[in-house]
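Here is the structure we will look at, set down as structure tokens.
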Amino acid sequence: MSLLQKLGVSAENLAPEITGKYIGKPISRVDGRAKVTGNAKYAAEFNIGTGILYGYVISSPIAKGKITAVNARQALSQKGVLNVFTHENVPGLAWFDRSYQDQDAPPGGSPFRPLQSDEILFSQQPIALVIAETFELARYASTLVHFEYEVKEELNVGLELNLYKAKKPKKHRFPVPKPRGDAEKALAGSVVKIEEAYYHGYEHHNPMEMFASTVIYGDDDRLTIYDKTQGVLNSQSYVKSVFGLSEDEARVISPFMGGGFGAGLRPQYQLYMAVLASLELKRSVKVVLTRQQMFSFGHRPATLQKISLGASAEGKLQAVINRCYSETSTFEEYTENVVNWSGQMYQCDNVMLDHKLVPLDLFTPLDMRAPGGVTGMYALEVAIDELAVKAGIDPLEFRLLNYAEKDQNLDKPFSSKELRECYRQGAERFGWNKRNPEAGATLEGNNLVGWGVATGCWEANQMPSRAKAMLSADGKLTVSSATADIGTGTYTVMTQVAAETLGVAMEDVLFKLGDSVLPMSPLQGGSWTMATVGSAVKLVCDQLKAKLFKMAKKVENSPFGNSKEEDVVFADRCISLKEDAQQYLTFTEIMRKSKVNYIEEDTTSLPNMLEQNEYSRFTHSAVFVEVKVDQDLGTVHVSRVVNAVAAGRIINTKTSRSQVLGGIVWGISMALHEDTVMDDNFGRFMNTNLAEYHVPVNADINDIDVIFVEEHDDIVNPLGVKGLGEIGIVGVAAAISNAVYHATGKRVRDLPIQLDKLL
Ligand code: MOS
């Protein structure tokens with residue numbers, strides 16, 4: 001009896017490619033146990049108690065000026081303090097240093113290089129690194145280093161104060177579409193119109209894990225670097241470039257990450273600091289940033305969008321104008337895709353989009369979960385709600401009335417777009433048809449109740465990636481790629497794809513990632529890992545199958561002599577004939593009979609750009625929200641959320657749901673809580689801690705319902721997946737904002753919606 005039959009699986013029921021044994025199932029994380037038992041190690045947790053040195057970073061108290069004097073004598077006189085690195089004594093960078101220039105996600109311009117000059121460009125700029133035998137000593141010694149400064153009083157912080165400095169970026173990462181039609185004229189001729197401005201301020205990434213680098217100084221001056229990063233190859237190429245090292249001299253490892261959210265797309269300065277000290281002292285060094293210092297590099301940029309919309313009396317959109325202003329630093333040009341969504345989401349012939357940058361005396365902004373998407377969709381989706389209200393049309397109805405059948409920005413069809421179905425299923429689950437059209441009219445005890453809807457949209461990209469697979473004669477499969485798991489579940493989903501493709505149990509698969517010696521893979525970001533690395537894993541396992549089948553045909557008395565690969569099934573570590581499941585060979589038999597201990601494949605998966613470029617490729621969602629607003633206190637509670645998401649094939653319904661849940665929680669945070677407050681006089685963020693930088697707690701989160709709408713897509717990548725890392729947050733803040741309006745009749749156009757704005 002074949003193993004298949006023993007398990008009660010009939011071969012006829014197994015599709016040749018994706019059998020559905022693992023794919024599409026709610027499978028728990030393969031690394032779950034390691035994580036909850038503390039066995040999963042993070043960058044700062046390696047080599048504790050091994051005589052490693054500790055670095056403590058000193059941050060500038062001034063926002064702009066020059067360091068005129070440094071006195072480290074007192075610090076250096078402490079027993080156990082080895083060095084204090086400042087701009088006065090650090091070695092120069094490698095002559096060919098390109099710093100971030102070779103990275104996957106660089107803004108243009110000249111990246112900030114720590115300790116390379118006496119100039120202070122932003123508050124909390126790292127100005128020294130104290131190295132000591134213990135962390136506590138390094139921290140104490142940091143208080144004994146004295147700096148003198150020449151302070152420049154004239155500070156440019158605050159987006160709206162500096163709008164007059166706005167200018168077009170030299171190079172936009174996401175070119176703004178050319179105007180179509182005549183938006184100004186169409187607006188003037190519209191019966192229904194709105195002209196409003198929408199704003200959100202600075203927001204900072206606050207993953208649980210602090211940025212950390214542990215550098216192990218090894219034999220032959222080789223470094224092994226445990227770094228908190230979304231891409232080990234990214235960190236490695238940075239270190240190679242800055243310090244002039246070869247690949248062998250700097251290996252970067254990052255098996256786990258305690259949250260990235262975009263903050264780890266670029267190497268942060270603790271990596272530079274730790275490597276610098278290690279190379280200079282020829283010792284192992286660990287540098288961990290403090291929570292306060294987590295506010296000293298990139299953030300979601302404060303953004304102002306002036307939106308004008310015009311519609312006919314029947315609610316047909318006639319004009320869309322979005323003039324956007326967002327901040328950048330004085331030394332780099334950071335752009336994100338904020339306005340393009342305004343030209344893409346709805347059918348409209350007259351569109352004018354513009355995006356200008358305002359340079360401020362702050363660190364350069366940085367991609368944060370759905371960068372630009374949450375920002376652009378927030379403003380657009382509130383504006384659409386306002387227009388629908390003015391037109392006297394239900395906001396969901398209004399969206400359906402202006403549904404875009406093709407991407408007008410690119411003038412291309414969508415590879416797939418089940419947004420209509422998201423609206424339908426979401427509305428049904430939420431009970432939208434029972435909505436009272438009147439705002440401020442539903443009272444429940446002392447609470448005003450409001451319902452809001454908004455659309456979400458995000459990119460569905462595939463990048464090139466390599467993967468390697470090795471099947472041993474005992475049926476164990478090892479698959480590897482240098483990708484990351486920033487908390488998304490990469491280990492689990494890649495294990496699923498590998499097990500499913502080759503026909504082995506998940507327990508027999510080991511997926512390795514997060515090591516620069518592994519096959520090339522891009523950093524984990526842009527929601528592209530499943531599409532990118534997943535496709536590479538599938539491809540390499542397919543190649544392994546072909547190799548194994550070729551071998552199987554050649555073994556003595558092979559049942560597959562005249563068969564083709566389409567005629568057989570790979571399942572339960574066997575190859576069997578589709579027609580006759582009794583005819584099978586186990587993987588072990590095939591390899592034993594062929595006298596090999598293992599077989600291996602290593603391959604690169606490339607997106608089919610020729611085909612993909614014919615289409616516009618995006619995920620979509622419809623977010624429905626209920627809020628309860630206390631009439632007297634103005635406090636807002638999000639009592640219900642339904643988010644219906646169309647993101648192609650769902651590989652793991654459990655980890656996918658977790659991704660979307662996390663996105664929704666962050667959307668609630670964006671709408672109601674998060675705000676880094678700037679002291680305009682000192683150019684300094686004031687609430688650089690989790691006590692004052694508010695994020696939701698359990699009491700803020702109630703019912704959340706996630707629906708995955710079925711969506712078939714043959715274009716996006718061989719797996720038909722679209723990625724889920726970012727779509728969950730998009731649209732949430734707008735839906736909450738719209739619900740708050742529906743509850744109270746008050747329209748708040750800047751985030752977060754704090755209670756004082758409702759009183
Ligand atoms: Mo994401 S902001 O691409 O990590």
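Residues: numbered from 1 along the sequence shown. Side chains are part of it too, since the values below use all heavy atoms of this structure and drop only hydrogens, waters and symmetry mates. One-based numbering, in listed order, for ligands and for the atoms of each.
With sequence neighbours excluded, no residue forms a side chain to side chain donor-acceptor pair (under 3.5 Å) with R657. Applying the side chain to side chain donor-acceptor pair (under 3.5 Å) test to H299 and every residue at least two apart in sequence or in another chain returns E327.
A salt bridge is defined here as a Lys NZ or Arg NE, NH1 or NH2 lying under 4.0 Å from an Asp or Glu carboxylate O, and K168 with D354 meets this definition.
Relative orientation of the H204 and F685 rings is perpendicular, given thresholds of 30° and 60° on the angle between their planes.
For residues 486-495, there are no salt bridge (Lys or Arg N to Asp or Glu O under 4.0 Å) pairs, not counting sequence neighbours.
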What are the polar N/O contacts of ligand 1 with the protein below 3.5 Å, with distances?
from: ligand 1; atom 1: 3 (O); to: G526; atom 2: N; distance (Å): 2.6
from: ligand 1; atom 1: 4 (O); to: Q230; atom 2: NE2; distance (Å): 2.8
from: ligand 1; atom 1: 4 (O); to: G262; atom 2: N; distance (Å): 3.1

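Checking each of W341, W458, F414 against H620 for a ring pair (Phe, Tyr, Trp, His ring centres under 6.0 Å) leaves exactly one that passes, namely F414.
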